[in-house]
Amino acid sequence: MTETAGGHITARIRASANGMGVDEFMQSAAAAYYADAKPFGREGDFITSPEISQMFGEMIAIWCADVWAQAGKPAKIMLAELGPGRGTLMADILRTARNWPDFQAALNIHLVETSPQLRGAQAAALGSTQPVWHDTVDTLPRDAFSLIISNEFFDALPICQLVWQDGTWQERCVIWDDTAGQLCFDLRSLQNAALAAQVPAHIVPIDGDIFEISPACRAIAGILGAHIAQTGGACLAIDYGHARSACGDTLQAVSKHKYAGVLENIGQQDITAHVDFDALATAATKAGAQRWPVITQEKFLNSLGITARAEQLVQKATPQQRGQIPLDLHRLTAPSAMGSLFKAVCWTRTGDNIAPTGFQDQEGV
Ligand code: SAH
């Protein structure tokens, strides 16, 4: 099925007069890829934090319960996860929530997921809990205090690549090279001219510089900003990316835990881009929310006590598991592993007296 999808995308590019924008290419390739439920985990193409260790979900559960407690323990919570993959993170959160019966009782679970196959995996992971699925964030209910979380969701959303050439922004696109008999990158005039005005003022490009803009990320962050401004609560996004907008080509493909050519095996490898956290937080702020500084995954997890939790798990572990726990902790928090490239950002409702753990007294990065 995915092979056919790849062939179909290539055929569309060959038939187009001026190529396919990077955004459309990414969207088509990602849709074909996520239609398959197998990509995640140690056996799949890549492994995400919740799949590495239960400690990740436990820390997010603590973070959520703390925001809820600071807000005066409202009786009803809309807890939503965006792009839940195999459902591991939400399953760990719900298991941890049993420690706080009032919190657990208040939860209503909503999942934003487009892939029918992954919805099936999520249903299986959540057992007797019956979530409500949504195709987009627009339909998340706004009738209750809301906690909206995501891990590696925004990196999967399409980006446009603006390329500075001869004093103007052009756009990177994918074309069919007849001589080479393969797909390759090319430049064309910017199809959505309004994007040029969205490049921040501190960017001073030289010829060939690439500036990435994800209209999809910005639009979703705006909707989630307006959501939290209306309901109270918090939105938390964890992903890999940069805290401050900068030039650079971050489009990447990963297959079987290795980087691969972006234009190869279309629809059969994970295609993503680094997240521009500043752009996300700015969009949420414009929609009325209060942003907190962007922090590293290391700071985030450490502020929630992941080291103490790892020690506790080691005490209870079998001899076989005992060696694995410190390795998992290292992978999640060490700057040389996922601790520094991965970052967290959150926003709350302006005026609410909430200081989210990890973000409240940080300088940011
Ligand atoms: N959060 C999971 C999975 C990350 S992969 C983890 O950490 O393991 C990205 C997830 O986002 C997948 O579940 C994918 O199907 C979903 N996704 C990608 N694009 C989406 C979109 N536009 N709308 C909703 N879900 C999307």
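Counting starts at 1 for both ligands and their atoms, in listed order. This one's a predicted model, so the numbers in the text were calculated from it and none came from an experiment.
The N/O atoms of Glu113, backbone and side chain alike, include one that comes under 3.5 Å of an N/O atom in ligand 1. Ligand 1 has a nitrogen or oxygen under 3.5 angstrom from a nitrogen or oxygen of Gly85. In terms of polar-atom proximity, defined here as any N/O pair under 3.5 Å, Asn151 does make such a contact with ligand 1.
For the residue pair Glu311 and Gln315, no side-chain donor N or O sits within less than 3.5 Å of a side-chain acceptor on the partner. For the 3.5 Å distance criterion, the side chains of Asp249 and Gln161 qualify, holding a donor opposite an acceptor.
Counting heavy atoms of neighbouring residues, nucleotides and ligands inside a 6.0 Å radius, atom NE2 of His330 does not exceed 12 of them. The number of heavy-atom neighbours closer than 6.0 Å to CZ of Arg244, taken from other residues, nucleotides and ligands shown, is 12 or below.
Looking only at protein heavy atoms, the nearest one to atom 5 (S) of ligand 1 is Phe40 CE2, 3.4 Å. Ranking the protein heavy atoms by distance from atom 9 (C) of ligand 1 puts Glu152 O, 3.4 Å first. Shortest contact from atom 2 (C) of ligand 1 to any protein heavy atom: Gly83 O, 3.4 Å.
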Let's go through Trp169 and Trp164 carefully: what are the C-alpha distance in whole Å and the side-chain angles of both, what is the deciding distance for ring-ring contact (aromatic ring centres under 6.0 Å, His included) to 0.1 Å, and is it a yes or a no?
CA-CA 5 Å; Trp169 288 110; Trp164 186 256; 5.0 Å; yes
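Within the 4.0 Å heavy-atom criterion, the part of Thr48 lying near ligand 1 is the side chain and not the backbone. The part of Leu118 lying near ligand 1 is the side chain, judged by heavy-atom distances below 4.0 Å. Within the 4.0 Å heavy-atom criterion, the part of Leu157 lying near ligand 1 is the side chain and not the backbone.
Numbered from 1 in the order shown, with element, the atoms of ligand 1 that lie under 4.0 Å from a heavy atom of Thr114 read 20 (C), 21 (C), 23 (N), 24 (C), 25 (N), 26 (C).
A cation-pi geometry, defined here as NZ or CZ lying under 6.0 Å from the six-membered ring centre and within 45° of its normal, holds between Arg14 and Trp176.
Aromatic ring pairs are classed by plane angle as parallel below 30°, tilted from 30° to 60° and perpendicular above 60°; the pair Phe300 and Phe359 is tilted.
Pro50 counts as a contact of ligand 1, since one of its heavy atoms falls under 4.0 Å from the ligand.
For the side chain to side chain contact (heavy atoms under 4.5 Å, CB included) criterion with His274, the lone passing option out of Leu251, Thr250, Asp239 is Thr250.
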